[in-house]
2 protein chains.
Amino acid sequence: MSRVKCPKCNKAERILKSGIVRNKQRFYCKDCNYHFIEASPKRKNNIVLKSNNDQISLQDIAAAAGVSTTTVSRALKDRTDISEKTKKFIKELANSMNYQPNMLAQSLVSRTTHTLGVIIPSLETTIFSTMLSGIQEEASRYGYRVIICTSNENQETEIANILGLMNNMIDGLLICHTIQTSTFEHIRIHMGKRIPIAQFYRVAIDLPITQILADDEVGAEEVTEYLIQKGCTRIAMLLGSKSLSITQKRFKGYQNILKKHGIKIDGKLLAYVDFSLEQVEKALDKWLKITPKIDAIISISDRSAVQIIRQLKKKKIKIPNQIRVFGFGNEFVGEIVEPQLSTFDTRIRVIGEEASRLLIEQIISGSREITSKLIPGKLVIRDSA
Amino acid sequence: MSRVKCPKCNKAERILKSGIVRNKQRFYCKDCNYHFIEASPKRKNNIVLKSNNDQISLQDIAAAAGVSTTTVSRALKDRTDISEKTKKFIKELANSMNYQPNMLAQSLVSRTTHTLGVIIPSLETTIFSTMLSGIQEEASRYGYRVIICTSNENQETEIANILGLMNNMIDGLLICHTIQTSTFEHIRIHMGKRIPIAQFYRVAIDLPITQILADDEVGAEEVTEYLIQKGCTRIAMLLGSKSLSITQKRFKGYQNILKKHGIKIDGKLLAYVDFSLEQVEKALDKWLKITPKIDAIISISDRSAVQIIRQLKKKKIKIPNQIRVFGFGNEFVGEIVEPQLSTFDTRIRVIGEEASRLLIEQIISGSREITSKLIPGKLVIRDSA
DNA sequence: ATCGGTATCGTAAACGTTTACGGTTTCGAT
DNA sequence: ATCGAAACCGTAAACGTTTACGATACCGAT
């Protein structure tokens, strides 16, 4: 019967049991007033643990080189206070040991992760993936990584994503709002914090943070002017959610030009949709019943414009003779559809790049200056107009 | 003349200057054998520092609650060894203080980040962004984040991206190779490590890691069989890089069916391209000069198939009467082009989802079993065939 | 020898968590 | 009172870095 010995006084006489804690028997030595648990099979030597597939650390290099971790850090970071000889020696050693710094530890100390968070409504829509492409490449140029979250056009998800990202994992946040986003408290909460936020493409204009977006108003003006020059007077417009800048500003441009030409705005010619196929078709059907007949349609999205073209062709309505069609975005499909789609090229990719660049420069400089950047676009005239 | 006093013995008599280090005057007290630097304006009380916009930490809550950080951690993590009362108290306190855990610190300890790395050739090609969408959503369903890197179809960038990600920031890596990737040493290096890697869509078949890809061989078989049933015998094929599985397996399926029907493979009917517009046009021009004339074209990519259709239409060649055209992928453009494109739906999105799911389950289970998953697709017959 | 100065290195704390383990208190049954 | 047990809480180390500050050795000019 192996009696339990106290690890301190090494005696076995006055040992009492003292409960079970976390499934292990616990003892109490009256001599040294010491509680203890029966020795569990401890890792005897850390060497065994090191020999597995773990990443090697600064300490491993330090041990191998016979110096302190500080010295190793200094050598690898090309800091001062180190001799050329040891620096070279340690660098070669680290190289041969295949050392890779642990970014988590670095980030914990430096409070920076060199990572951007991006919240985007969807990845399956061309304009969004193109913007993301711009964001990603520009970020990569600055040495930044990108974490993406999709909101699926759902405000709840957008809010959840923000919370999930704001946990010190990112240095800055880029957000393109959901089509249904109308309140912005979830953004305001984070506005004073260390992590800068910028909005792109779909922005809340009133929100005092940096925003990067297409020059929607001018774009709509140019499109509308073009159509009027072609003789159109009954111009219908397919818009998105009223709370979004793309809707507001593009409508504004449309309005400006109509006013300029003394044409009255007809509310029946405006449709606010979520860009789903059903809603687009429904809007179109309504328009076609209106008299005097419409002679042009401006769609806020190329994709919907393409769908409109297909519908019109089914109905044997001639484009552009009876109805001229204009899109926004200059996506690839516009080139493929027949007749080819006229559109306003918002230079989506550039918006992504600029958003990325502006945010990163805010991060680097630490400035929290609010800038509002408009990316100029240009008309692309094809057959549909 | 304010003499310098030793911070230890508080005397000013036997103080010597002792060099300048890092731009600050240094002193040496002969009495206590102590080196020191003139007192810099130190932060007197940490309270001042805390009052800025920093995130609050477990320690802040602990201080506010008058308990240890351990207790706070236990309360928030619903661990044992804590009373219901204090748990509730601390939870409410943390809530009111708007506490957000620091994921960096958590990850450093737990050695997991709940983050996936994804390396993808491009974001501006529909199939890739669609796959990424599948990856992202499935990951999000499991509570994982996604870091994306684009290789821009450049092997160097692919290698650099892998290195950049393998620094403890991710729990697993998903990779879709560049079209030019032919050596795989950069993958092999990381294969034994803690972080599992899986390939998707474009895979190196021989590489002993998990792979998720379309059932390319069967797809090509079905497409070829369909064309032969329609009477085609001179079927041209537009392929990608020879080292890629999509090229190899789709060619294999084509080959299988031709053999089955006793049709000899004609090398002139095969073109290996990088899917750029120029190369596609060049391949097409070559084909059109061949006799006996070709009567069908299978393109490995929908996008190229669409370009082929446009070229053929320019040349007044009837589709499908003179030449039938087939694509791979079932992208949106195939629906828009006229005539509408027949294609093999590889269910791109599902590939992304499955890749995400398999990798995450490997991460969770810790298993490193190699699985090779084929995603079945289906024929989509439209006007072009 | 003394002293100011420089070059090079180490110590220890810090970043914010988690966790193994020890201590204290309480309680019920002898 | 004594003893076994349980409940609850704190201490300190650990994760892998960076960095403020001290220590030591050495050197050249008095």
Side-chain angles (χ1 to χ4, degrees), chain A residues 7-8 16-22 24-28 30 33-37 39-40 42 46 54-62 66-77 79-87 99-112 167-168, chain B residues 7-8 16-22 24-28 30 33-37 39-40 42 46 54-62 66-77 79-87 99-112 167-168:
Chain A
K8 284 221 171 137
L16 306 175
K17 285 197 196 170
S18 121
I20 294 177
V21 55
R22 286 171 288 264
K24 283 182 208 158
Q25 180 60 57
R26 198 178 188 218
F27 300 94
Y28 175 63
K30 289 210 65 172
N33 181 32
Y34 180 62
H35 288 263
F36 60 93
I37 291 178
S40 54
K42 267 184 188 164
N46 292 12
D54 265 8
Q55 294 273 105
I56 70 149
S57 70
L58 278 191
Q59 302 184 34
D60 298 330
I61 300 177
V67 298
S68 73
T69 62
T70 305
T71 304
V72 179
S73 176
R74 272 198 277 251
L76 299 179
K77 284 292 180 74
R79 291 290 148 80
T80 175
D81 280 9
I82 189 163
S83 72
E84 277 302 325
K85 212 180 70 180
T86 41
K87 184 198 281 189
Y99 169 73
Q100 296 294 122
N102 185 323
M103 307 251 1
L104 291 171
Q106 285 183 329
S107 295
L108 186 60
V109 175
S110 67
R111 292 163 174 279
T112 73
N167 299 356
N168 304 76
Chain B
K8 283 220 172 136
L16 308 175
K17 283 198 198 169
S18 123
I20 293 175
V21 56
R22 285 170 289 263
K24 285 180 206 156
Q25 179 61 57
R26 197 178 186 218
F27 300 94
Y28 175 63
K30 288 210 68 172
N33 181 32
Y34 180 63
H35 290 263
F36 61 93
I37 291 178
S40 54
K42 266 186 188 164
N46 293 11
D54 265 8
Q55 293 274 106
I56 70 146
S57 71
L58 279 192
Q59 302 183 35
D60 299 329
I61 301 177
V67 297
S68 72
T69 61
T70 307
T71 304
V72 180
S73 175
R74 272 198 277 251
L76 299 179
K77 283 294 178 74
R79 290 290 148 80
T80 176
D81 281 9
I82 190 163
S83 72
E84 279 303 324
K85 210 180 70 183
T86 41
K87 184 196 284 190
Y99 169 73
Q100 293 296 119
N102 185 323
M103 307 250 3
L104 291 171
Q106 285 182 329
S107 294
L108 186 59
V109 174
S110 68
R111 293 164 172 281
T112 73
N167 298 355
N168 305 74

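Below, all heavy atoms of this structure are taken into account, side chains as well, without hydrogens, waters or symmetry copies. Below, read A as the first sequence line, B as the second, and so on, with proteins coming before strands; counting in each chain starts at 1.
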Describe the nucleic acid contact of B:S107 in one word from base, sugar-phosphate, nothing, applying a heavy-atom distance below 4.0 Å.
nothing

Which angle, to the nearest 10 degrees, lies between the helix axes at the two ends of the helix from C:dA1-D:dT30 to C:dT30-D:dA1, each defined by five pairs?
70°

A:R74 to A:T80 - nearest heavy-atom pair and separation:
CD-O, 3.2 Å

A:T71 versus A:S68: any side-chain heavy-atom pair under 4.5 Å?
yes

Counting only side-chain nitrogens and oxygens, does A:R74 get under 4.0 Å of the OP1 or OP2 atom of D:dT18?
no

Expressed in angstrom and rounded to an integer, what is the separation of A:Q59 atom CD from D:dA13 atom P?
14 Å

B:T86 side-chain proximity, nearest of C:dT18, D:dG16, D:dC9
D:dC9

Tell me the interatomic distance from B:Q55, atom CD, to C:dC15, atom P, rounded to whole angstroms.
14 Å

Quick check: do B:Y99 and B:V72 have side-chain heavy atoms less than 4.5 Å from each other?
no

Categorize A:S83 for me: base, sugar-phosphate, or nothing, with a 4.0 angstrom heavy-atom threshold over every strand shown.
sugar-phosphate

Atom-pair distance (CG on B:L76; P on C:dT17), nearest Å:
9 Å

Atom CD of A:Q100 and atom P of D:dC15 are separated, to the nearest Å, by 19 Å

So which one's nearest nucleotide on DNA chain D is more toward 5', B:V67 or A:P101?
B:V67

Presence of donor-acceptor pair under 3.5 Å, side chain of A:T70 and base of C:dA12
yes

Provide the closest heavy-atom pair for A:A75 versus A:K87 in the form atom of the first, atom of the second, distance.
O-CG, 3.7 Å

Can you list the residues that meet the side-chain hydrogen bond (donor to acceptor under 3.5 Å, both in side chains) rule with A:T86, with sequence neighbours excluded?
A:S83

Among residues at least two apart in sequence or on other chains, which ones pass side chain to side chain contact (heavy atoms under 4.5 Å, CB included) with A:Q59?
A:S57, A:T69

Could you tell me how far apart A:N167 (CG) and C:dC15 (P) are, to the nearest whole angstrom?
19 Å

dist A:M103:CE -> A:T112:OG1 (nearest 0.5 Å) comes out at 7.5 Å

Check the distance between D:dT18's C1' and A:L104's CG and give it to me in whole angstrom.
15 Å

Do A:Q55 and B:N168 have side chains that get closer than 4.5 Å, going by heavy atoms?
yes

If only side-chain N and O atoms of A:R79 are considered, is one of them under 4.0 Å from the OP1 or OP2 phosphate oxygen of D:dT19?
yes

Between A:S68 and C:dG10, is there a contact of a side-chain N or O with OP1 or OP2 at under 4.0 Å?
yes

Rounded to the nearest angstrom, tell me the gap between atom CZ in B:R111 and atom C1' in C:dT17.
14 Å

Nucleotide nearest B:N102 when distance is taken to its side chain, options D:dG16, C:dT8, C:dG16:
C:dG16

Between P on C:dT17 and CG on B:L108, what's the gap in Å once rounded to a whole number?
12 Å

Please determine if a side-chain N or O atom of A:Q106 lies less than 4.0 Å away from the OP1 or OP2 oxygen of D:dT18.
yes

OP1 or OP2 of C:dC9 sitting under 4.0 Å from any side-chain N/O of A:T71?
no

